[in-house]
Undergrad: 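Starting off with a structure, shown below.
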Amino acid sequence: MALWLSGIGVSRGIGIGRVQRLYGGDLEIPEYTLPDDQVEAEVQRFDRARARAREQLEAVRKGIPARAASEIAAFIDTHLLMLEDRTLTLAVPAQIRDTRCNAEAALKRQRDTLVAVFEQMDDPYLRARKDDVTQVASRVLRILLKQDKPLPTSTEASAGSGPLIIVAEDVTAADLILLSQQGAAGFITEYGGPLSHSAILARSLSIPAIVGAHGVRRLLHEGETVIVDGDKGHAIADPDQKALIHYRTRQEEQAADRAALASLRNTPAVSRDGVKIHLLANIEQPEDAADAAQLGAEGVGLYRTEFLFMNRRDSPDEDEQYEAYAKVVSSVQGPITIRTLDLGADKQIQSGRASTVSNPALGLRSIRLCLKNQTLFRTQVRALLRASVHGDLRIMLPMISNVGEFRQAQAIIRYARAQLHHAGVQVSEKIPIGAMIEVPAAALAAPWLARHAAFFSIGTNDLIQYTLAIDRVDDEVNYLYDPLHPAVLSLIRMTIDAGHKAGIPVAMCGEMAGDPRYTRLLLGLGLTEFSMHPANVLEVKRNVLGADISALHTQAAAVFEAPDMNELRERLRQIA
Ligand code: PEP
Ligand code: MG
């Protein structure tokens with residue numbers, strides 16, 4: 001009998017195949033005390049396991065498909081770096097020597113300590129990096145326990161043919177690549193969130209995936225047929241003939257659709273009634289800009305510079321930052337919007353200590369941190385200003401919550417410009433400085449902010465988090481994350497209207513901008529600049545090409561006139 005399971009769809013598409021458990025189950029970690037004379041041999045056993053883990057990761061890195069975004073290689077590099085970090089290379093042997101415990105137990109303890117540190121961090125990206133620690137530790141643990149074959153070839157299920165749907169507690173980025181090379185047609189995991197590396201990778205490799213499907217390992221049997229619906233976030237095990245035919249048809253339609261989309265790459269994004277819409281890319285690494293252009297983006301609407309600061313002990317200095325920014329600015333044909341640092345409680349993060357504040361998402365993060373730690377900010381600003389001569393650079397300030405903050409940052413940028421000028425360093429004459437609107441207060445104060453900002457960019461990921469009071473990385477409250485909540489829509493509308501009244505461009509760079517389900521609504525609200533993961537550009541473009549924007553304006557206005565929530569939902573449904 002068919003069984004339905006729900007989770008969070010993090011990578012769209014339909015996958016159909018046989019259930020294959022990853023590694024065949026949980027790791028049981030033995031703990032025992034060693035005789036004195038075996039302690040050094042145990043340290044060597046740990047070092048050998050680490051070396052083997054490095055070999056495995058290097059092999060994965062070599063096998064990364066060319067079409068995969070550069071972020072994939074960066075994920076593997078992150079794991080390689082962690083393997084060489086003293087938090088493993090020194091701390092685990094010290095633990096073995098100090099307590100005479102076995103290598104597995106020492107590694108497990110060290111992993112738990114590091115995970116606890118990452119869990120305290122306020123920046124969601126950095127907090128999600130605890131997954132990396134867990135994954136790197138698990139890789140070494142599996143080697144120590146001789147359980148390091150991702151797919152046991154001897155099982156009945158893996159001996160058969162046809163696509164596999166990987167069912168796991170969680171999937172590491174490295175395993176995801178490996179398994180995609182082995183033909184995995186989908187993933188279902190018990191844990192994980194839409195911002196995890198694995199979720200980003202699954203999207204980048206276009207493999208349907210569902211995370212947060214609690215109990216999936218217990219409920220699904222090895223070898224049985226399962227359908228993964230990454231669009232809706234559910235899985236159907238042991239489907240009947242009717243369901244299979246329905247999903248196979250959808251799969252074929254999606255394949256045909258992808259082929260049709262590819263033909264839109266060079267088509268300008270102009271609506272049926274002649275409105276030009278700008279479709280830009282969100283990138284995390286300088287190298288991603290070229291891939292984004294390949295996928296039809298006209299420029300970069302958000303470059304998240306914090307990735308440059310991660311997984312290292314020290315901050316990159318001005319020259320290193322300049323090199324990175326100059327590279328990205330000169331490689332983009334159109335405009336390039338670089339966001340200044342959006343880190344959490346920065347010093348603590350970089351030195352690996354936990355944040356001690358109780359509400360880190362509301363604490364000293366992002367622009368607040370930059371205004372407090374002005375050396376950090378000035379260094380970045382100088383590097384950005386120097387890079388401006390290489391292209392059409394815009395600077396974007398994150399997490400602005402009041403006009404004073406924006407003006408203070410503007411003044412620092414002005415001062416840095418004057419200093420560079422004085423030193424004879426060239427800086428582009430005109431560099432627009434804009435504000436991210438991702439805090440409700442900024443949306444509400446948008447008319448005042450618009451007098452100072454050269455542009456707005458709406459960061460819906462945080463705007464939704466702060467408006468609806470839900471932690472965006474907490475899967476317990478994920479169900480409340482609703483871009484269509486009338487409070488969120490009102491703030492988006494207010495921001496767009498305030499920008500238009502002041503005559504400044506308004507973009508959106510949160511995930512909502514790249515979700516084709518919302519394109520028509522956002523066009524109706526007057527949005528003309530969308531910045532998103534490059535993989536979504538063509539689908540959004542197709543919606544733009546088919547849209548009559550003046551009709552959508554009327555429809556969107558009617559949403560806000562709805563007399564009750566049922567009618568509001570109905571009007572939203574009609575516009576979608
Ligand atoms: C946002 O908050 O919508 C955004 C684009 O920024 P980030 O996801 O990096 O916080
Ligand atoms: Mg944000």
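Position 1 is the first residue of the sequence; numbering continues from there. Note: hydrogens, waters and symmetry copies are ignored here, and every other heavy atom, side chains too, is used. Counting starts at 1 for both ligands and their atoms, following the listed order.
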Undergrad: Would the H390 and Y325 ring centres measure less than 6.0 Å apart?
TA: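 Not close enough - the centres of the two rings lie 6.0 Å or further apart.
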
Undergrad: Salt-bridged, R386 to D319, with N to O below 4.0 Å?
TA: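 Yes, this pair counts.
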
Undergrad: Mind listing the closest non-hydrogen atom pair of A416 and V381 along with its distance?
TA: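 Smallest interatomic distance, heavy atoms only, reads CB-CG1, 3.7 Å.
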
Undergrad: Should you measure from each heavy atom of C509, which atoms of ligand 1 turn up under 4.0 Å away?
TA: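 Under 4.0 Å from C509, ligand 1 has these atoms: 5 (C).
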
Undergrad: As an exercise, identify every atom of ligand 1 less than 4.0 angstrom from a heavy atom of M436.
TA: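 Result: 4 (C), 5 (C), 6 (O).
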
Undergrad: For ligand 1, which is the ligand I care about here, please tell me if N461 has any N or O atom under 3.5 Å from one of the ligand's N or O atoms.
TA: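 Yes, N461 has an N/O under 3.5 Å of an N/O on ligand 1.
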
Undergrad: When you compare the side chains of H278 and E298, does any donor N or O come within less than 3.5 Å of an acceptor on the partner?
TA: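 There is such a pair between these side chains.
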
Undergrad: With heavy atoms only and a cut-off of under 4.0 Å, state how R304 meets ligand 1: side chain, backbone, both or neither.
TA: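 Side chain only; the backbone of R304 stays clear of ligand 1.
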
Undergrad: Test of understanding: given a 4.0 Å heavy-atom threshold, classify the contact between I458 and ligand 1 as side chain, backbone, both, or neither.
TA: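 Near ligand 1, I458 shows nothing, with every heavy atom at 4.0 Å or more.
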
Undergrad: Distance below 2.8 Å from the Mg ion (ligand 2): how many protein N/O/S atoms qualify?
TA: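 For the Mg ion (ligand 2), protein nitrogen, oxygen or sulfur atoms under 2.8 Å: 2.
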
Undergrad: Would you say the side-chain atoms of D392 and Q333 include a donor-acceptor pair closer than 3.5 Å?
TA: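 Absent: no donor and acceptor within the cut-off.
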
Undergrad: Using a strict cut-off of less than 4.0 Å between a Lys/Arg side-chain nitrogen and an Asp/Glu carboxylate oxygen, indicate whether R542 and D257 qualify as a salt bridge.
TA: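 D257 and R542: salt-bridged.
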
Undergrad: Considering only heavy atoms from C-beta outward, does the side chain of Y303 approach that of R339 to under 4.5 Å?
TA: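 Not in contact.
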
Undergrad: Kindly indicate whether a cation-pi arrangement holds for R382 with Y322, taking the cut-offs as under 6.0 Å to the six-membered ring centre and within 45° of the axis.
TA: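 Ring-cation test returns no.
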
Undergrad: Taking all non-hydrogen atoms of both residues into account, name the closest pair between L480 and L468 and its distance.
TA: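 That closest heavy-atom pairing would be O-CD1, 3.5 Å.
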
Undergrad: Just jot down the ligand 1 atoms closer than 4.0 angstrom to any heavy atom of E438, in number order.
TA: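 Taking each heavy atom of E438 in turn, ligand 1 has 1 (C), 2 (O), 6 (O) under 4.0 Å.
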
Undergrad: Using non-hydrogen atoms of the residue, decide whether Q465 is closer than 4.0 angstrom to ligand 1.
TA: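 No, Q465 has no heavy atom closer than 4.0 Å to ligand 1.
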
Undergrad: With backbone taken as N, CA, C and O and side chain as the heavy atoms from C-beta onward, which portion of M508 lies under 4.0 Å from ligand 1: side chain, backbone, both, or neither?
TA: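 For M508, no heavy atom sits under 4.0 Å from ligand 1.
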
Undergrad: Using a 4.0 Å cut-off to any heavy atom of L302, which atoms of ligand 1 qualify?
TA: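 Under 4.0 Å from L302, ligand 1 has these atoms: 5 (C).
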
Undergrad: Of all heavy-atom pairs between A435 and L449, which one has the smallest distance, and what is that distance?
TA: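 That would be CB-CD2, 4.3 Å.
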
Undergrad: Does R365 pair with E306 as a salt bridge, N-O distance under 4.0 Å?
TA: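 No.
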
Undergrad: For E511 and ligand 1, does the shortest N/O to N/O distance drop below 3.5 Å?
TA: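 Among all N and O atoms of E511, none is under 3.5 Å from an N or O of ligand 1.
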
